[in-house]
Protein chains: 2
Amino acid sequence: MSARRTELTRTAARLFAEKGYHGTSIGDLAEAMGVQKGSLYAHIESKADLLWEVAREGSAAFHAALDAVADEGPVVERIRAALRAHLRVVAEQLDVATVFVREWRYLEGERRDEFVTERRRYEERFRALFREGRELGELRADLDDATAALLALSAANWAYTWLRPGSETDELADRFTALLLDGMRGYASR
Amino acid sequence: MSARRTELTRTAARLFAEKGYHGTSIGDLAEAMGVQKGSLYAHIESKADLLWEVAREGSAAFHAALDAVADEGPVVERIRAALRAHLRVVAEQLDVATVFVREWRYLEGERRDEFVTERRRYEERFRALFREGRELGELRADLDDATAALLALSAANWAYTWLRPGSETDELADRFTALLLDGMRGYASR
DNA sequence: TTGAGAGGCTAACGATCGTTCGGAAGGTGG
DNA sequence: CCACCTTCCGAACGATCGTTAGCCTCTCAA
């Protein structure tokens with residue numbers, strides 16, 4: 001893919017995150033690229049192509065980040081690593097992450113189905129960590145792992161709204177992990 | 001406000017939640033109301049009015065729900081009550097809640113500023129619970145209450161994506177509360 | 001030196017957008 | 001019975017939408 005084409009995708013990610021997919025016109029994109037709107041069609045076939053591309057980039061980034069998490073060792077450490085990985089992607093590719101979390105729903109047809117499949121798979125990989133943690137006895141035996149995963153994923157999926165690039169995401173992830181593991185209650189009242 | 005006007009607001013909330021504000025045309029709204037699109041202007045001055053109204057309805061609903069939470073008694077119980085209140089609003093007014101969480105950003109000018117103020121205030125009310133819990137010794141003394149509130153608010157704000165009307169929201173809220181308070185770790189490894 | 005491809009321009013297309021307007025039907029209160 | 005108010009219709013408005021077309025101008029490899 002040419003440099004110009006890559007730049008267009010980045011610009012699309014930025015504008016889609018900022019103003020929404022339907023709130024961003026081809027004219028807006030062209031203006032941001034410093035070009036007449038008709039010229040964009042040297043690179044794409046339709047506006048929907050750009051949404052698809054950014055959404056796929058998001059899928060790829062989040063899955064790749066999870067791939068780097070060890071699949072052995074203490075589950076607790078893997079949960080911490082998974083949260084770190086997720087928040088790192090959000091901070092480093094905030095626009096792409098925003099499209100991945102919020103704008104994907106304007107995809108249509110097969111592309112939408114394919115995206116949803118990948119998104120479900122991502123959440124399932126997350127969920128598996130909590131299930132395994134309970135089964136291996138690292139997490140409490142009576143843990144409702146579906147709810148636990150939902151809580152962790154809520155924090156992960158909501159992060160794009162407040163996380164700003166340059167944040168110390170590893171520390172943030174660790175604070176979340178500590179909270180999830182040990183809770184907020186004082187030792188005395190436990 | 002006339003019955004017809006109320007119906008229009010409800011329809012707007014539904015369509016904005018379903019297809020997004022910019023993804024919903026005046027024509028879509030008119031069709032859903034069984035009317036020509038010009039006819040809608042007997043009720044509104046602009047499409048933006050509808051977004052503003054639904055967003056305000058969301059603000060009002062969430063604040064009212066928090067108002068019903070006692071301002072004394074054990075903080076832990078008030079946190080549980082606050083989560084219950086929030087999830088109940090999401091489940092009972094899913095469309096309005098969706099606009100409150102996701103579509104508000106298409107508000108413009110003063111209205112946007114006013115909404116943001118109300119939204120900040122809502123989150124601040126939430127945050128105060130965790131601060132107070134720490135100060136009163138009900139939550140651990142070394143609690144990072146900003147992060148704790150962020151985690152709880154993440155769960156609350158993300159709920160519109162998966163909560164379906166008719167869910168037993170009180171139970172869900174209690175599961176979240178239990179997780180937040182006592183964590184996921186097994187007693188043995190604590 | 002030539003030719004091909006990449007990237008951009010201008011102009012225009014049909015469609016759809018949000019909004020306006022004058023008029024008419026129907027019900028309500030005086 | 002009349003005057004009014006609400007609600008809707010039908011038609012049109014200018015603006016903007018995504019997309020297409022033909023043509024021009026570089027760059028660079030053959």
Side-chain angles (χ1 to χ4, degrees), chain A residues 1-56 95 99 102-112 115, chain B residues 1-56 95 99 102-112 115:
Chain A
M1 202 168 53
S2 78
R4 199 68 174 135
R5 174 62 214 260
T6 303
E7 197 185 339
L8 176 55
T9 304
R10 296 221 128 73
T11 302
R14 199 184 80 234
L15 292 187
F16 291 168
E18 184 185 322
K19 321 183 352 161
Y21 175 70
H22 283 305
T24 302
S25 71
I26 289 285
D28 292 335
L29 284 164
E31 189 182 356
M33 294 284 290
V35 128
Q36 297 293 322
K37 64 177 182 172
S39 305
L40 294 186
Y41 288 82
H43 304 288
I44 56 169
E45 288 184 356
S46 76
K47 182 183 167 188
D49 288 356
L50 288 170
L51 180 61
W52 171 235
E53 198 161 332
V54 176
R56 267 181 42 199
D95 298 334
V99 170
R102 191 176 56 192
E103 300 297 322
W104 64 268
R105 68 203 184 97
Y106 300 115
L107 289 170
E108 290 179 351
E110 289 183 26
R111 289 173 165 185
R112 190 185 157 103
F115 178 88
Chain B
M1 203 167 54
S2 77
R4 198 67 175 136
R5 173 63 213 261
T6 302
E7 197 185 340
L8 176 54
T9 304
R10 295 221 129 70
T11 303
R14 199 185 79 235
L15 291 187
F16 291 168
E18 183 185 323
K19 322 183 352 162
Y21 175 69
H22 284 304
T24 303
S25 71
I26 289 286
D28 293 335
L29 284 163
E31 189 182 358
M33 294 283 292
V35 127
Q36 297 293 323
K37 62 178 182 172
S39 306
L40 295 186
Y41 288 84
H43 305 285
I44 56 169
E45 288 184 356
S46 75
K47 182 184 168 188
D49 289 356
L50 288 169
L51 180 60
W52 170 237
E53 198 161 332
V54 177
R56 267 181 44 199
D95 298 334
V99 170
R102 192 176 57 194
E103 300 297 321
W104 65 269
R105 67 201 185 97
Y106 300 115
L107 290 169
E108 290 179 351
E110 288 182 26
R111 289 173 165 185
R112 184 185 226 264
F115 178 88

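A, B, ... follow the sequence lines: proteins, then strands. Residue 1 opens every chain. None of the values given here were measured: they were computed from a predicted structure.
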Problem - Separation of C:dA6 C1' from A:Leu8 CG (nearest whole Å) - result: 14 Å
Exercise for the section: In whole angstrom, give the distance that lies between atom OH of B:Tyr21 and atom C1' of C:dC17. Expected result: 12 Å
Handout entry: Side-chain heavy atoms of B:Glu53 within contact of B:Met1, under 4.5 Å
Key = yes
Exercise for the section: Considering only NZ, NE, NH1 and NH2 on the basic side and carboxylate oxygens on the acidic side, decide whether A:Asp49 and A:Arg111 come within less than 4.0 Å. Expected result: yes
Handout entry: Ring geometry between A:Tyr21 and A:Phe16 (parallel below 30°, tilted from 30 to 60°, perpendicular above 60°)
Key = perpendicular
Handout entry: Flag if over 12 foreign heavy atoms under 6.0 Å of CZ, B:Arg105
Key = yes
Handout entry: Length of the line joining A:Met1:CE and C:dG5:C1', which is rounded to integer Å
Key = 18 Å
Handout entry: B:Ser2 side-chain N/O to D:dT7 phosphate OP1/OP2 under 4.0 Å
Key = yes
Problem - Distance below 4.0 Å between B:Arg4 side-chain N/O and D:dC8 OP1 or OP2 - result: yes
Exercise for the section: Counting heavy atoms from C-beta on, name the nucleotide in D:dT7, D:dT19, C:dG7 closest to the side chain of A:Ile26. Expected result: D:dT19
Handout entry: Selection: residues 28-56 of chain A, any non-hydrogen atom under 4.0 Å of DNA chain D
Key = A:Lys37, A:Gly38, A:Tyr41, A:Ser46, A:Lys47
Handout entry: A:Trp52 side chain reached by A:Leu107 side chain, heavy atoms, under 4.5 Å
Key = yes
Practice task
Answer yes or no: is there an ion pair linking A:Glu7 with A:Arg4, defined by an N-O contact shorter than 4.0 Å?
Solution key: yes
